[in-house]
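Data block below; observations after.
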Amino acid sequence: MLSANALAAGFCTIGDEFNILDKEAFNRLSEKNYTSFSEGITPEDLFPNAPNHFSAEPTDLSEAKYLYNNTSSLLEVGPESSVALEAEEASRLLSSIGRTASKVGGAALEVLGPIGDAVAVGLWARNVADAFEDESRTSYDRFATVMELVDWFGVLKLPQRSIDRHIMVNRWNNMAAGDHYSFKIHDDIVTRQDLRDKKHWASLAANQHKTIETIVKSYASDVALKYQAYYQESVKAQTLLSNKLITAVDQELNKTLYFKLGINKDGNRLFSSDIRSVCQSEVNAVYALYSQQRSNSLSPSTRQAINALSALKHCQNSVLEQAITKLDRLRSSDLSGLDRNALRKLYLRTLNAKKKIAETADNHVRIISTKLQSLMRSEGLQLIDKLFDAGAITNTNDFFKEQASRYAVDEMARSLLYRPATARELSSKVLVLQDSYEYCSRLGILGGDPNFRGCVEYTQVPAETRRFDPSQDEVVREIQVPEREYYYQLFNETLYTLIQNGWNPETEEQWLEQQILSYSEHQRNIKQNETSKAEVYRWLFDSRQQLGSDCIGEQSCAGWSASYLAKENLSRSSSLDDIARWLASYSGRSLYVHRKRVEKLDELIEPALENEWKATQGSQLYSYVYPNSFDIEKYAPFIASALKNSTLDVTNLSGNTLPLAKGIVKSHMAEALDLSKQNGADWLHAQLGDFQRYMAILHSQRSSLGRHVSAMQDNTPVLFAEMLPAHILRYLVSDLIPDSYDARLFGAIDALYDPSSELGQKITTLVSMSRMFNDVSNSGCESNFIAWKEALLSISKDPSLYWLSPISTWLNNVTYQKLTNQSIVEWGIMKQNDLGQDIHCSML
């Protein structure tokens, strides 16, 4: 039932399921997607830790330079330079701020940019935010005007853009560029003048209204998919821009602080990430002493062990002493450019810059949402105008009305004249009740001879006629040209419902089932037509022997000679109409020899004509016969082929067979999508028709950026409601939420510089311990490291310092280095003692 290719291709690009999600399921998915989009930050817990926006990618806006030229220039130049680094130093500093230099090689210095002081960084951050705000005010209109809307949203090479173009945007563009499927009547059926019941044509005319309603609703759905995709891309674009800008601001702040807190070893400046491995050579020397490859005879001597362990301890103590000195100078406002006011301004200005960036992006998303919805409505209404202005609707309505009128004229002729209407009467719609005639209106003398009197003047009496008046016929009168204003209203109402509620899974699933059922009914009509037509030809052209047991009676079942049939212009290529006309006027009905055949043909011809009409009507008037469906065979050949090549009977896809048929349709949607990657979007549109919309709805739902549903009001729209991620939006409320981030940040700065604060007292204790240790460190190897450990961990765990990123990260690395190296020293002492060469020096 499901092809191997379809299963292999999978439906993963559309979703894990083949069904459109209901509101509850969509809300669950939205919640999950939004948490993922927000990098795990939830609206309930916006600041679980100090926010970091580090990225391994460059913080430039090269792909959006046209839009944000001033902003891009600021990022390229950076704040005013106060320090120039060597390339090697720049590479190490890059790794400390969460950026890798592996991809930039010798260009590390250029990627990192200059190191500005605290004041310069703060002012530069504000300028970046201001420039982004100014340029965002005009970027949408300016870029949309110059390069068109569709190009603007692709400027950042957004993920999934290709697949969205395939199944959403390109489909709408194809629809907008041409006619919508079989909406126009085929010329063949227009030229036919079948005298069908006027109610039949009135029914088709009514179906025209239903057909247009279906098309208009599909316009609303398709255009909503297109512009929802654009909106999602705009949110992604603003997210990427905001992340880049906030990352750039964070990077400059971190560059400055890490540079100021750098320590030295062997003539090199070491930054935060370097501290963890600063004594690696000494660590390697200790490990080498006790390598498993060494034999017992080569076990290290006590002197070797003491030398290696002392070197490691000296290294770690040197690092710790420098770090504590830096920390003491920082909190004493003795570190150049980082006194209390400078540090507070640095954090304040960078935080305000982040807020303005987030606010600008959020406002831009709102503006884009409003403009996109306006464009969406305008584009949909324009397509309705195009539909009406093309003339197809009026011509079709006129055709239906003409056909109904022909039957009404025939009715009138039978009622008044007791005979069918003639071809001329059907065409002119005028009946002649009494022919024109002359009568003598004046007698007089003829030729001047009084003896000869006669009619000297004649008067022509015009014919008495009755012209058919469509307004007097109740059925024909109801066949009216649809009014486009009604469809404007229908489009707007449908679009509003979609924006508010999204797609209804029951409605869409019923639509999908209806396509299959209509297709099956049409295939059944085609098969019945073929069968009944073949049966007429069989009884007209087959020999007595070919009819076999169906033909009883040698004489009454005799056929006609080939010469007779040729004379009557009858052959197997003759139409059923030709055969019906011959049969109606056949003069040999009284002949016994053909009686059986004539009776059988009389029995077969009317049903055959009806079946042919149904099949022809379905082929040439599909949209009106099945007003809620589109012709799968013409406009979704990939799906039609799949159904025909399956083991299912395509003439009976209802009941228990319908779920199997749906499975085939859905699996081949996925297969077609996979093939479209090689064949292109136009191929997909040509092969799937309106099934492409069903697939696009699935994809749109599952590719949604998500929403925080629990915080949404009931009247919050489903479409155009996706927001920037929480890790950006949180800056808009950072000073409003309980235990606000702003308060914690600036409280931590105050605590750092206040000797009487809990953090200040912990730093004082650590500084005092360091001085005491340095005073006795050369007198022996005795030292109480437990106190060291407790003092370091106490500061690292302090809730105030926790919010001072990257100072907290720097101190954590110092603590990690001290604890790790100390454990290695203790491990080395244990290993040496195990060799029976005790190091008599407690290093607890």
#### Entry: Those residues that, when tested against Tyr694, pass side chain to side chain donor-acceptor pair (under 3.5 Å) (two or more places apart)
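For Tyr694 the side chain to side chain donor-acceptor pair (under 3.5 Å) partners, ignoring immediate neighbours, are Glu509, Lys666.
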
### Query
Given the rule in the side-chain contact (heavy atoms from CB on, under 4.5 Å) test, do Phe720 and Ile368 qualify, once you have shown the distances and angles that lead to the verdict?
CA-CA 10 Å; Phe720 301 96; Ile368 289 172; over 6 Å; no

Is there a side-chain contact between [X] and [Y], using heavy atoms and a 4.5 Å cut-off?
| X | Y | value |
| --- | --- | --- |
| Arg344 | Asp750 | yes |
| Val223 | Leu495 | yes |
| Lys244 | Tyr68 | no |
| Phe47 | Ile41 | no |
| Trp511 | Asn504 | no |
| Thr211 | Ile215 | yes |
| Met723 | Tyr34 | yes |
| Val718 | Ile499 | no |

### Task
Could you give me the CA-CA distance, side-chain angles and deciding distance for Glu135 and Thr71, then say whether side-chain hydrogen bond (donor to acceptor under 3.5 Å, both in side chains) is met?
CA-CA 8 Å; Glu135 290 181 309; Thr71 307; 2.6 Å; yes

### Message
Closer than 3.5 angstrom, by distance alone: can the side chain of Arg744 be matched with the main-chain N or O of Asp739 as a donor-acceptor pair?
### Response
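At least one qualifying donor-acceptor pair exists.
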
### Query
Would you say the side-chain atoms of Glu722 pair up with the backbone N or O of Leu705, donor to acceptor, closer than 3.5 Å?
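Yes, Glu722 side chain to Leu705 backbone: donor-acceptor pair under 3.5 Å.
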
Which heavy atom in [X] sits nearest to a heavy atom in [Y], and how many Å separate them?
| X | Y | answer |
| --- | --- | --- |
| Asn49 | Tyr802 | CB-OH, 3.2 Å |
| Ser700 | Gln232 | O-NE2, 3.7 Å |
| Tyr231 | Ser369 | CE1-CB, 3.6 Å |

### Query
When the ring planes of Tyr219 and Trp172 are compared, do they come out parallel, tilted or perpendicular, using 30° and 60° as the limits?
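Taking Trp172 first and then Tyr219, their aromatic rings stand perpendicular (interplane angle over 60°).
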
Using only heavy-atom distances, determine whether the side chains of [X] and [Y] contain a donor-acceptor pair under 3.5 Å.
| X | Y | result |
| --- | --- | --- |
| Ser378 | Gln382 | yes |
| Ser805 | Asn52 | yes |
| Gln687 | Gln692 | no |
| Asn243 | His727 | yes |
| Ser72 | Glu76 | no |

### Query
Given Glu359 and Tyr731, is the side-chain hydrogen bond (donor to acceptor under 3.5 Å, both in side chains) satisfied, shown in steps?
CA-CA 8 Å; Glu359 183 178 1; Tyr731 289 109; over 6 Å; no

Ion pair present between [X] and [Y], side-chain N to carboxylate O less than 4.0 angstrom?
| X | Y | answer |
| --- | --- | --- |
| Glu133 | Arg137 | yes |
| Asp362 | Arg366 | yes |
| Asp690 | Arg171 | yes |

What's the separation between atom [atom1] in [X] and atom [atom2] in [Y], rounded to the nearest 0.5 Å?
| X | Y | atom1 | atom2 | value |
| --- | --- | --- | --- | --- |
| Trp803 | Tyr347 | CH2 | OH | 12.5 Å |
| Thr507 | Leu512 | OG1 | CG | 12.5 Å |
| Asp389 | Lys386 | CG | NZ | 10.5 Å |
| Ile212 | Tyr486 | CD1 | OH | 10.0 Å |
| Lys356 | Asp130 | NZ | CG | 4.0 Å |
| Ile697 | His699 | CD1 | NE2 | 12.5 Å |

### Task
Carefully, step by step, assess Glu671 and Ser667 under the rule side-chain hydrogen bond (donor to acceptor under 3.5 Å, both in side chains).
CA-CA 6 Å; Glu671 186 175 355; Ser667 66; over 6 Å; no

### Task
Going by the side-chain hydrogen bond (donor to acceptor under 3.5 Å, both in side chains) test, name the single residue among Asn33, Thr716, Asn27 that passes it with Arg707.
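Testing Arg707 for a side-chain hydrogen bond (donor to acceptor under 3.5 Å, both in side chains) against Asn33, Thr716, Asn27 leaves exactly one candidate, Asn27.
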
State whether the number of non-hydrogen atoms from other residues, nucleotides or ligands found under 6.0 Å of [X] atom [atom1] is greater than 12.
| X | atom1 | value |
| --- | --- | --- |
| Lys345 | NZ | no |
| Glu483 | CD | no |
| Glu506 | CD | no |

### Task
Check the pair Lys355, Asp742 against side-chain contact (heavy atoms from CB on, under 4.5 Å), reporting the backbone distance first and the verdict last.
CA-CA 11 Å; Lys355 290 181 178 182; Asp742 296 37; 2.5 Å; yes

### Task
Using the side-chain hydrogen bond (donor to acceptor under 3.5 Å, both in side chains) rule, take Asn628 and Thr214 through it: C-alpha gap first, then chi angles, then the decisive distance, then the call.
CA-CA 6 Å; Asn628 295 316; Thr214 299; 3.0 Å; yes

### Task
Could you tell me if the ring centre of Tyr227 sits under 6.0 Å from that of Tyr230?
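Yes: the rings meet the under 6.0 Å criterion.
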
### Task
Step through it carefully: locate the ring centre of Tyr519, locate the ring centre of Tyr626, and say whether they are under 6.0 Å apart.
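They do not qualify: ring centres at least 6.0 Å apart.
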
### Task
Show your working on side-chain contact (heavy atoms from CB on, under 4.5 Å) between Tyr487 and Leu387 and close with a plain yes or no.
CA-CA 11 Å; Tyr487 297 103; Leu387 191 64; over 6 Å; no

### Message
Between Asn207 and Lys210, does the side-chain contact (heavy atoms from CB on, under 4.5 Å) criterion hold? Intermediate values first, please.
### Response
CA-CA 5 Å; Asn207 282 355; Lys210 296 178 183 177; 3.7 Å; yes

